[in-house]
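See structure below.
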Amino acid sequence: MIIPSIDLMDGRAVQLVQGRRKVLDAGDPRPIAERFGRVGEVAVVDLDAALGRGSNAAVIEELCRLAPCRVGGGIRDRDAALAWLDRGAAKVVLGTAAVPEVLEGLPRDRVVAALDAWEGEVVVKGWTERTGRTVLDGMRELRGLAGGFLVTFVEGEGMEAGFPRDRIAALVEAAGTARLTVAGGITTAEEVAWLDRAGADAQVGMALYRGTLDLAEAFTAPLRSERPDGLWPTIVTDDRGAALGLVWSSPESVRAAIDEGRGVYQSRARGLWRKGATSGATQRLLHIAPDCDRDALRFTVAQAGDGFCHTGEWTCFGPARGLRGLERTLKSRRTAPVGGSLTTRALADDAFLRGKLVEEAGELGDAVAGLGPTEPDAPGGADRVVEEAADVMYFLTVALERAGATMADVDRELDRRAMKVNRRRASEPKGAGLRG
């Protein structure tokens, strides 16, 4: 698949030819990252840090909140790599620091070892110094220590002139179980599809910025369909992963969805279908992903309005349940007059809500303490914990609704914390560690 890239200088997205001459300034990288992130991971390279003349760290931290980012450039030791993993990078990309003694101290699945090559020979120091080692030698030395390899064909970087296809099979084999990403010279959707079939991803910058390669065309190039009309079955899920319904996608609908940042699908009867255009039940597109066989898609969306189904239900399979169902109930009560309802009072009365949160949390703590670590089957023990936890979750959901937040926001915060490598120890106060 495609890995769009953002190279940063002085806080702006730029493109260089062969790492030397700046030929394009694309401006603010934030909207670029948001758009690129709709199709998967984004490669973000801090050129200033790589060249030892500054840092774009603050900007990159923002980008990591907008899209899943592979962060590289100027990461020269284990501590710097760990710091970026703790700051939200999906992965770190290490060049000269990709040596066994550094990689052994990092989580393998979140490390990409980068090898820059000029006609097959590894080059370093801004691509100015040859090492005498081949890329294959470098990959074999690091095999098993990184979850991915990035091989850049420097002679083609920024040139939009293609890449040496005859070298790819050997590189994929040398990568072993790690995923290979290829950069340098990739220009066409056919090249992206060819690499995907060969077992590698395509990292692309210049062609996307210049418009030589369309992002949606590159994303859909590896997909296949067995249908006469070429459509792809598409599962639509909400921002908590619940299936909303089954629709169809085409190259045109995917392009519109990516460009507009909304749920756009292919109606077999009416053409392009922009969800919510008439009903108001719009969708903000979060990301699109292919399945493992490249013959189906998943759209993850933030659903607005009554829900996805034309019947008014949240899903085409029935009403929302659990916490999502509770959220919808609470939202409908926001405008209800304050009265005897527990929900309307909790939504309107700060002091009451605070008291109930403290009370129910205490009762849950008592239930846990009464259960005991060696009594999982004590009469009523587990059931009572579940009941008290439900009470806590009810008032917690009320608190989120009052704040204009949702459980999906909590999910994202938990996912962000799960990405940290350094964790707060149990003996530390909440504010002392890296994970609160």
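As the structure is a computational prediction, the values presented were derived from the model and not from experiment.
Between the side chains of R143 and T177, not a single donor N or O lies within less than 3.5 Å of an accepting N or O. With no hydrogens or angles considered, a side-chain donor-acceptor pair links Y394 and T343 at under 3.5 Å. Under the 3.5 Å distance criterion, with hydrogens and angles disregarded, a donor-acceptor pair is assigned to the side chains of D238 and W314. If you check the side chains of T300 and R38, you find no donor sitting under 3.5 Å from an acceptor. For T311 and E313, the side-chain atoms include no donor-acceptor pair closer than 3.5 Å.
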*Report the C-alpha distance between D10 and R12 in whole Å, list the side-chain angles of each, state the deciding distance to 0.1 Å, and finish with yes or no for salt bridge (charged side-chain N to carboxylate O under 4.0 Å, His left out).*
CA-CA 6 Å; D10 299 320; R12 299 175 67 82; over 6 Å; no

*Could you go through the side chain to side chain donor-acceptor pair (under 3.5 Å) check for R255 and S250 one step at a time?*
CA-CA 9 Å; R255 178 179 292 107; S250 67; over 6 Å; no

*asked:* Set out, in order, the CA-CA distance, both residues' side-chain angles and the distance that settles salt bridge (charged side-chain N to carboxylate O under 4.0 Å, His left out) for D415 and R412, then state yes or no.
replied: CA-CA 5 Å; D415 288 341; R412 283 188 285 274; over 6 Å; no

*Apply side-chain contact (heavy atoms from CB on, under 4.5 Å) to T234 and R298, showing your working.*
CA-CA 5 Å; T234 300; R298 181 187 66 195; over 6 Å; no

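Legend: residues meeting side chain to side chain contact (heavy atoms under 4.5 Å, CB included) with A198, ordered by chain and number and at least two apart, are I168, W194. A search for side chain to side chain contact (heavy atoms under 4.5 Å, CB included) contacts involving A361 returns nothing, not counting sequence neighbours.
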Ignoring hydrogens and angles, write down the donor-acceptor pairs under 3.5 Å from the side chains of residues 286-295, residues two or more places apart or on other chains.
unit_1	atom_1	unit_2	atom_2	d
D291	OD1	D293	N	3.3
D291	OD1	R294	N	2.9
D291	OD1	D295	N	3.0
D291	OD1	A296	N	3.3
R294	NE	D196	OD1	3.4
R294	NE	D196	OD2	3.2
R294	NH1	D291	O	3.4
R294	NH2	D196	OD1	2.9

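Under the 4.5 Å side-chain criterion, counting only non-hydrogen atoms from C-beta, D46 is not in contact with D7. Taking the side chain as every heavy atom from C-beta outward, L364 and D391 never approach each other to under 4.5 Å. Inter-residue side-chain proximity for L223 and L297 is flagged as met; some heavy-atom pair is nearer than 4.5 Å. Using a 4.5 Å heavy-atom threshold, the side chains of V44 and R70 count as separate. Contact annotation: the side chain of I3 never approaches that of V204 to less than 4.5 Å [non-hydrogen atoms, C-beta and beyond].
Heavy atoms from other residues, nucleotides or ligands lying under 6.0 Å from CD of E173 number 12 at most. Within a 6.0 Å sphere centred on CZ of R416, heavy atoms belonging to other residues, nucleotides or ligands number more than 12. Other residues, nucleotides and ligands contribute only 12 or fewer heavy atoms inside 6.0 Å of the CD1 atom of I235.
Distance check, rounded to the nearest 0.5 Å: CZ of R65 to CG of L63 gives 12.0 Å. The distance from atom CG of L244 to atom CG of L246, rounded to the nearest 0.5 Å, is 11.5 Å. Atoms CG and CE, from L414 and M407 in turn, are 9.5 Å apart once rounded to the nearest 0.5 Å. With values rounded to the nearest 0.5 angstrom, N56 atom CG is found 11.5 Å from I6 atom CD1. Summarising the geometry, atom CZ belonging to F299 is positioned 6.0 Å from atom OG belonging to S253; distances are rounded to the nearest 0.5 Å. Residue W248 holds its CH2 atom at 7.5 Å from OG of S225, rounded to the nearest 0.5 Å.
Using a 4.0 Å cut-off between charged nitrogen and carboxylate oxygen, K420 and D86 do not count as a salt-bridge pair. Using a 4.0 Å cut-off between a side-chain N of Lys or Arg and a carboxylate O of Asp or Glu, R417 and E413 qualify as a salt bridge. Between R384 and E387, no side-chain nitrogen of the basic residue sits less than 4.0 Å from a carboxylate oxygen of the acidic one, so the salt-bridge criterion is not met. Between D411 and R240 there is a salt bridge, since a side-chain N of the basic residue sits under 4.0 Å from a carboxylate O of the acidic one.
For K275 and F308, the positive end sits near the middle of the six-membered ring, less than 6.0 Å away and at most 45° from its axis.
If you run side chain to side chain donor-acceptor pair (under 3.5 Å) between R324 and each of T315, D239, T406, only D239 comes through.
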